[in-house]
J.: 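Here it is, the structure, as structure tokens.
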Amino acid sequence: MAAALSRALKLPGKKGSELGEYDPLTQADSEDESEEDDLVLNYPRNGLGRDGCLGSGPSKLRGGRSGRLVGAEDEAQEDEEEEEEEYDDDEWRERLPSKSRPDREEMKGMQYWSHRDPGRDRSGEDRGGAGTLGGAGTGVHSTEAEEKRMRMKTAIRSAFFLVPLVCAALLVLLCAFLIPCRKGDLGKRPTWERALGDAGGVTPPALALWDVDGDSVADVFLGVTEWTNDTHPMQGNKIYRAVALSAVTGQTLWTKEMRECVMYIQCGLQYSSQPGPVVLLIGKSIIMAVNGTTGNQLWSALLKNIESQAVLLPDLQGDSVPDLLVATLPADEALDLSLTLISGLSGATLGHPVPFNVTGQGKLIGPLLHETQQGAYYILFGLGNVEAISLRDIYMKATGKMPLTQALSRRDPEWEALKKTNSSSFIHIYRGSEQVEFLLPLVAGFGNSHNSLDPVSNLNSSRSDWALVSGKLSSKLSGKLSSKLSVLRQNDIKKEWTFNSDPIHSQPAPGYFNSDGVLDLFITHATNGTMTALVVDGANGRLLWSAEFVCPRLVLETSAISTSTGQSAFLFWASDPIKALKNGTKTTVSPGVATAEPLIRKLFLLHPAYPTILLELTSTTDTAVTSAVSYQERQKDASYITVSSRPTPDSEPGARIVKSMSLRAAITTGQTIRLEESSKPGQPGETQRLRDQQVLQGVDLQTPVMKCCLLRKSRTAGRD
């Protein structure tokens, strides 16, 4: 019935689940379904519909089931074939009674197409093209190949992305775990000390700081003297050396034996052909340049009676290397001083020494380089006074030639007008009844780097005003000395102000104590076993802060360190502070007690925000003879380097001790000391001290990037 209806409607039979399959059993079992359901069976599946023209041929009316044209001959042939198929299907159904319906459908489809293949092939050949089944097979295989190609492209793209990513991750992990990182050692920053050589009394040895091993921490350079039993014809029973120590561990980086005592060590000179920094070792008659990393000698210059450290000058020869100037004693004893120019590249003397008669007596001042506002260069020096002479004149007298550059040939008209006569070469900076003791540029932190030849720091110091300390006898009968602290303006060479004080024996330390943006000066003086520390306002010369201490019997420069508030923290040595009691009396230490007991010297930190509180960082019985401060921006810390003489039993020479201390660690373990009692009625002193401790915890001490939290411990009994 189903077959007859299909022939009457000219419609193909119902398709099976496979591509283009015709299922007579399904058509027979679905007699009860509506005509619309039979029409739905012709909906194309898997892209092989009625109009899915996979076979070749001009006709548009190919059946999706048979793929042939509709014509009279085809219809007759189709009727015969379908009658044969019905007979074969009945016979095949009887032969497979035990199969389930789905299996029977699959078997019927296979049987059907096996009967249909010969006719299909013939019809295809008759039409001269491929049949519908052949076209369908070709499309299926081409689709599968296209899918394989797409999957392959996707896999290749993923591989090109993932392989470099994995390689980069492996490289990062390799660098992170296999390359040694030295920051771990730097973060610990333990305090270390080394005994090097023998103490030579209280004369400070040569000391300099500079990073030469690439760990971003300034290493320590020191002049060392050792006694030996061997006899050397040139130096008797002493050995002189220059030693470089690692700032992190204190280990020796290199040593350089010298034929005479090292008076000065200066670092920071750079060569374009030299990868590492250059270190200058200056003795009494020799200047030697060595590689700062290895200690190998680069050049040496033999001079006579060197009296000063080297001054960094602009390039005088056009070799792109700064040149040097030193002060020496002239061969003619009638003259006072000579200035010698030295090539910074080869160490050769430029011309000959230029002698001067400065008509003065006293301490050697300078020499210092100064650049005026007009860009002219002058050298400041003197003996008990301060004179200035143009660098142009020095070069012309030494070499007999004009300077190569226009900048060196320049003179400042305002400075030249200060000459007493036109024939004089000197410009009088300071000449008076008081002898000049110290002359230093007003630059924050000047002296902390200890004789650096860094062009940047020298440029800053050569364009500033000066602080001048002079002294004289205040009374000829009593023999008492007094000092004057003044500020000289560099534009007109006049005093800004003058502060009278007791004798000042150490160089003032410039720093910011108040918030007016003008550098203030920290000074100390000692009389009658009492040391007084003072801070003088740099703007007007008024006293900002003062405190009295038991005299530590040592002369050591104060160090100033910048803080996060823009002010400076001051590090200075003293003994116990002398407290001001309510009745106005002072407690001092008697000379007998001071002689019997060892004198304890203490390192104090003063922060301007808390002027009545000091922080005791460390204490020792050693005699510190020199010190320096180095900044570590990466580690956010600073190191305080001291060189001390440690007493030894019997008559053996004392040992020279080099000690490095992390300020961050020292601040954490330091003790607070009150200079005054300010407890109000009803408020105990202990409570006030604890409140001060909480306040100090908020103070930030930092170098240009350093930041250290001040964690305090309260001092135990005896401080109320």
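Given the structure is predicted, the values throughout are model-derived calculations rather than measurements.
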J.: To the nearest 0.5 Å, tell me how far N385 CG sits from S470 OG.
T.: 12.0 Å
J.: Are K363 and Q435 packed together at the side-chain level, in the sense that at least one heavy-atom pair is separated by less than 4.5 angstrom?
T.: no
J.: Working to the nearest 0.5 angstrom, can you tell me the gap between S568 OG and D520 CG?
T.: 8.5 Å
J.: Is there a side-chain contact (heavy atoms from CB on, under 4.5 Å) between I493 and Y430? Walk through the geometry before answering.
T.: CA-CA 8 Å; I493 321 298; Y430 179 82; over 6 Å; no
J.: What pair of heavy atoms forms the shortest contact from D219 to A247, and how long is it?
T.: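 Nearest heavy atoms, D219 then A247: OD1-N, 3.0 Å.
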J.: Ignoring hydrogens and angles, write down the donor-acceptor pairs under 3.5 Å from the side chains of residues 500-512, residues two or more places apart or on other chains.
T.:
unit_1 : atom_1 : unit_2 : atom_2 : d
S506   : OG     : T524   : OG1    : 3.3

J.: Got R463 and Q490 here, is their nearest side-chain heavy-atom distance under 4.5 Å?
T.: no
J.: With a 4.5 Å cut-off on side-chain heavy atoms, are T532 and H525 touching?
T.: yes
J.: State, without any angle test, whether T642 and S627 hold a side-chain donor-acceptor pair at a distance under 3.5 Å.
T.: no
J.: Give the ring-plane orientation class for F570 versus F522, where under 30° counts as parallel, over 60° as perpendicular and anything between as tilted.
T.: parallel
J.: What pair of heavy atoms forms the shortest contact from D637 to R664, and how long is it?
T.: OD1-N, 3.1 Å
J.: Please report the interatomic distance CG(L615) to CD(Q671), rounded to the nearest 0.5 Å.
T.: 9.0 Å
J.: Are side-chain heavy atoms of S644 and K659 found at a separation under 4.5 Å?
T.: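 When only atoms from C-beta onward are counted, K659 and S644 do not touch, as no gap falls below 4.5 Å.
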J.: Run the numbers on L222 and L245 for side-chain contact (heavy atoms from CB on, under 4.5 Å), then give the verdict.
T.: CA-CA 8 Å; L222 187 69; L245 302 177; 5.5 Å; no
J.: I need the minimum non-hydrogen distance between A310 and V326, along with the two atoms involved.
T.: CA-CG1, 3.7 Å
J.: What's the verdict on side-chain contact (heavy atoms from CB on, under 4.5 Å) for F604 and T558, showing C-alpha distance, side-chain angles and the deciding distance?
T.: CA-CA 10 Å; F604 294 104; T558 300; over 6 Å; no
J.: Would you give the length of the straight line joining atom OG1 of T618 to atom CG of L663, rounded to the nearest 0.5 angstrom?
T.: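 Spacing of OG1 (T618) from CG (L663) equals 11.0 Å.
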J.: Heavy-atom distance under 4.5 Å between the side chains of F549 and L614, does that happen here?
T.: yes
J.: Flag yes if more than 12 heavy atoms outside R489 fall under 6.0 Å of its CZ atom; otherwise flag no.
T.: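 Result for CZ/R489: enclosed.
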J.: Nearest 0.5 angstrom please: I429 CD1 to L439 CG, how far?
T.: 9.0 Å
J.: Which residue, Y377, Y378, W415, forms the ring pair (Phe, Tyr, Trp, His ring centres under 6.0 Å) with H370?
T.: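 Option passing the ring pair (Phe, Tyr, Trp, His ring centres under 6.0 Å) with H370: W415.
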J.: Quick one: do F513 and L606 satisfy side-chain contact (heavy atoms from CB on, under 4.5 Å)? Show the steps, please.
T.: CA-CA 10 Å; F513 191 85; L606 169 66; 3.9 Å; yes
J.: Rounded to the nearest 0.5 Å, what separates atom CD in E557 from atom CG in L571?
T.: 13.0 Å
J.: Identify the heavy atoms of P205 and V643 that sit nearest to each other, and give their distance.
T.: CG-CG1, 3.7 Å
J.: Sequence neighbours left out, what pairs pass salt bridge (Lys or Arg N to Asp or Glu O under 4.0 Å) with at least one residue falling in residues 622-632?
T.: D622-R646
J.: Evaluate the side-chain proximity of L207 to I265: yes if any heavy-atom separation is below 4.5 Å, no if none is.
T.: no
